[in-house]
Structures are given as C-alpha cells and as structure tokens.
Amino acid sequence: MPERADHSYEDLLARVMAEGSAKGDRTGTGTRSVFGAQLRYDLDRGFPLVTTKRVHLRSVVGELLWFLSGDSNVHWLQEHGVRIWNEWADEGGELGPVYGVQWRRWTAPDGRHIDQIARVLETLRTDPDSRRMVVSAWNVADLPRMALEPCHAFFQLYVADGRLSLQVYQRSCDMFLGVPFNIASYALLAHMFAQQADLAVGDLVWTGGDCHIYDNHVDQVREQLSREPYPFPRLELRRAPSMFDYDFDDVEVVDYRHWPTIKAPVAV
Ligand SMILES: Nc1nc(=O)c2c([nH]1)NC[C@@H]1CN(c3ccc(C(=O)N[C@@H](CCC(=O)O)C(=O)O)cc3)CN21
Ligand SMILES: O=c1ccn([C@H]2C[C@H](O)[C@@H](COP(=O)(O)O)O2)c(=O)[nH]1
C-alpha cells in the first residue's frame with residue numbers, strides 16, 4: 001500500500017499564517033510569528049523532503065557536508081554550486097566560527113579543540129543509552145564573531161529499540177525558505193549517524209522557537225498551501241568509511257514527487 005502523504009509541515013505553515021502575531025525583526029522585513037512548535041518524522045517511513053514545492057536537495061547536502069568538514073568559508077560551497085550562504089560572507093568568503101567550527105573544533109578554555117561530532121559518535125557506539133549525546137553550536141563567547149548566530153543551535157541523539165532518533169532545537173525559523181532545508185539536513189544527518197553506528201533510524205524531532213513567515217513570502221505560502229502534498233521520497237545513502245567521508249554521490253533521493261519551485265527573496 002502506498003504511504004500516506006505527510007501534512008505536518010504544511011499544517012504548521014498554515015497555523016503561522018492564520019495565528020501568527022505581527023512582529024518586526026532584525027532584517028526590517030516584518031513577519032508573522034508563532035512561538036514554539038514541534039514536527040516529528042518517522043525516518044523509516046520516508047525521507048522528509050517537502051513536496052509542495054521543489055526543495056533543492058543538492059544545496060542541503062552541500063551545506064551539511066560543509067558543516068561536517070568543519071569549514072567556515074563559503075569558497076568550498078561556491079565551488080560546488082551552493083549559493084545559500086553568499087549574502088552573509090565577508091570579502092574573503094568568511095563567516096566566522098559558525099556551525100562547522102563549533103561542531104568539529106569547539107575551542108576549550110585551555111586552547112584544546114573538541115570534536116563534538118566524533119565524541120557523540122563514539123558515545124553512540126559505546127554507550128547508546130547515554131542521555132548526554134548533545135552537540136551545541138551555541139558557543140556564547142563566539143557569538144559576536146559569527147556572521148549569523150546559529151539558528152539550529154543544539155541537537156541531541158537518542159537510541160531505543162536499536163533505533164536512533166535526533167531532536168534539533170531551532171531558535172529562529174524562516175518557515176518558507178529555511179525550514180524545509182533544515183528538516184532535510186537533520187534527517188540526512190540522522191541517517192549518517194545511524195549508518196556509522198550500525199543502528200536503524202528512528203524519529204527526527206524538529207523543535208522550533210520563533211517560527212515566522214516573512215511578509216514578503218505570504219503570496220508564496222498561499223500558493224504552496226493550495227497544493228496537496230505527495231508521499232515522501234526514500235533516501236538511499238551509500239556507506240562512507242567514516243562520518244567525515246560522505247560525498248554528494250553517496251546521497252540519493254528516490255521517487256521524489258514534488259510541485260514546482262516557488263521563488264522568494266531571502267531576508268538578509
Ligand atoms: N532569512 C534567512 N532565512 C534562512 O533560511 C537563512 C538565512 N536567512 N540565513 C542563513 C541561512 C541560509 N539559508 C538559506 C538561504 C537561502 C535559501 C534559498 O534561497 N533557497 C531557495 C533556493 C535554493 C537554492 O538555490 O539552492 C529555495 O527555493 O529554497 C535557503 C536557505 C538558511 N538560512
Ligand atoms: O538554517 C537556518 C538559518 C537561518 N534561518 C533563518 C531564521 C531567521 O529568519 C534568519 C536569522 O535571523 P535572526 O535574526 O538571527 O534570527 O534566518 C533559518 O530558518 N534556518
């Protein structure tokens with residue numbers, strides 16, 4: 001029997017449209033906003049790539065590989081055709097100590113560097129019941145040097161019944177442009193961790209703080225909400241020798257049925 005289509009992202013989008021409070025924001029664009037929301041996807045039942053518009057998976061994959069490499073310069077992204085971070089980079093392409101740097105090289109007070117991804121993977125393999133499998137990009141001391149403070153600030157891994165789940169906390173959520181990317185990115189990350197630790201995949205839990213729709217995305221969201229979602233595609237992830245050896249070619253999404261692209265300006 002074919003899988004039923006998931007509506008949870010579209011339902012949240014509709015809720016922010018209908019109930020969101022008018023709220024100003026840093027970019028001067030204006031938003032409607034709801035505080036606190038949660039989406040849950042059983043990763044075993046499909047890969048949560050929004051279907052009511054085309055989501056450019058290659059940019060999602062490129063961004064995640066770039067995070068995992070510990071890079072903070074947009075040159076590598078640009079060389080691979082990913083443009084989503086260009087607006088925030090300085091003349092040299094630098095973004096400061098953003099996600100990749102904090103994930104792979106958090107600087108301790110004594111000058112050591114902590115690889116949070118490697119640590120959490122080690123715990124996953126040796127002590128999967130641990131309640132301490134947390135990775136934080138929210139390095140308070142480093143915030144002033146970042147081009148943009150982390151939006152997806154913190155995630156936790158959890159294992160039960162041989163299944164790996166991941167929950168991410170996103171403090172600020174651009175519901176139309178950013179969130180479809182963020183959901184797909186953490187779903188892919190959960191699959192990578194599970195594969196490297198020989199676990200099955202469980203749930204992706206996405207928790208949002210300030211969930212907003214920018215005023216200049218309202219027409220696009222109305223168009224999107226007029227569309228009926230399709231069932232999610234499937235992910236085929238080729239096993240890489242380590243968490244840090246995945247490449248574009250290892251990631252394939254199969255049977256992605258989707259509605260056409262909807263363009264929208266990004267608020268800088
Ligand atoms: N306002 C805002 N929203 C965001 O989602 C966001 C930021 N700023 N700043 C940092 C990153 C960059 N992210 C972005 C930036 C641009 C797109 C974007 O323009 N997406 C288009 C085109 C995708 C492509 O060309 O690959 C889309 O249709 O999804 C998506 C995420 C997510 N983040
Ligand atoms: O991965 C991301 C990165 C950024 N966003 C959005 C959320 C906000 O609209 C802006 C960030 O602005 P702040 O004033 O720093 O909150 O970028 C996202 O949704 N996903």
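Both ligands and their constituent atoms are indexed starting at 1 by order of listing. If you're wondering where the values come from, they're calculated on a predicted model, not measured in any experiment.
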*Do Glu63 and Trp85 have side-chain atoms, one donor and one acceptor, less than 3.5 Å apart?*
yes

*Can you tell me if Gln170 and Tyr186 form a side-chain donor-acceptor pair at under 3.5 Å?*
no

*Neighbouring residues of ligand 1, heavy-atom cut-off under 4.0 Å*: His56, Ser59, Ile84, Trp85, Trp88, Leu148, Asp174, Leu177, Gly178, Phe181, Tyr214, Val266, Ala267

_Amino acids contacting ligand 2, non-hydrogen cut-off under 4.0 Å_ = Arg26, Cys151, His152, Gln170, Arg171, Ser172, Cys173, Asp174, Gly178, Asn182, His212, Tyr214

*If we only count heavy atoms from C-beta on, is the Leu64 to Met192 side-chain gap below 4.5 Å?*
yes

*Main-chain N/O of Leu68 paired to Arg104 side chain as donor or acceptor, under 3.5 Å*: yes

*Go through the side-chain N and O atoms of Thr29 and Thr27 and say whether any donor and acceptor fall under 3.5 Å apart.*
yes

_Is a donor from one side chain sitting under 3.5 angstrom from an acceptor on the other, for Gln167 and Thr207?_
yes

*Residue pair Ile213 / Thr31, side-chain heavy-atom distance below 4.5 Å*: no

*asked:* Pairing donors with acceptors under 3.5 angstrom, does anything connect the side chains of Tyr246 and Gln196?
replied: yes

*Any side-chain heavy-atom pair of Cys211 and Arg15 under 4.5 Å*: no

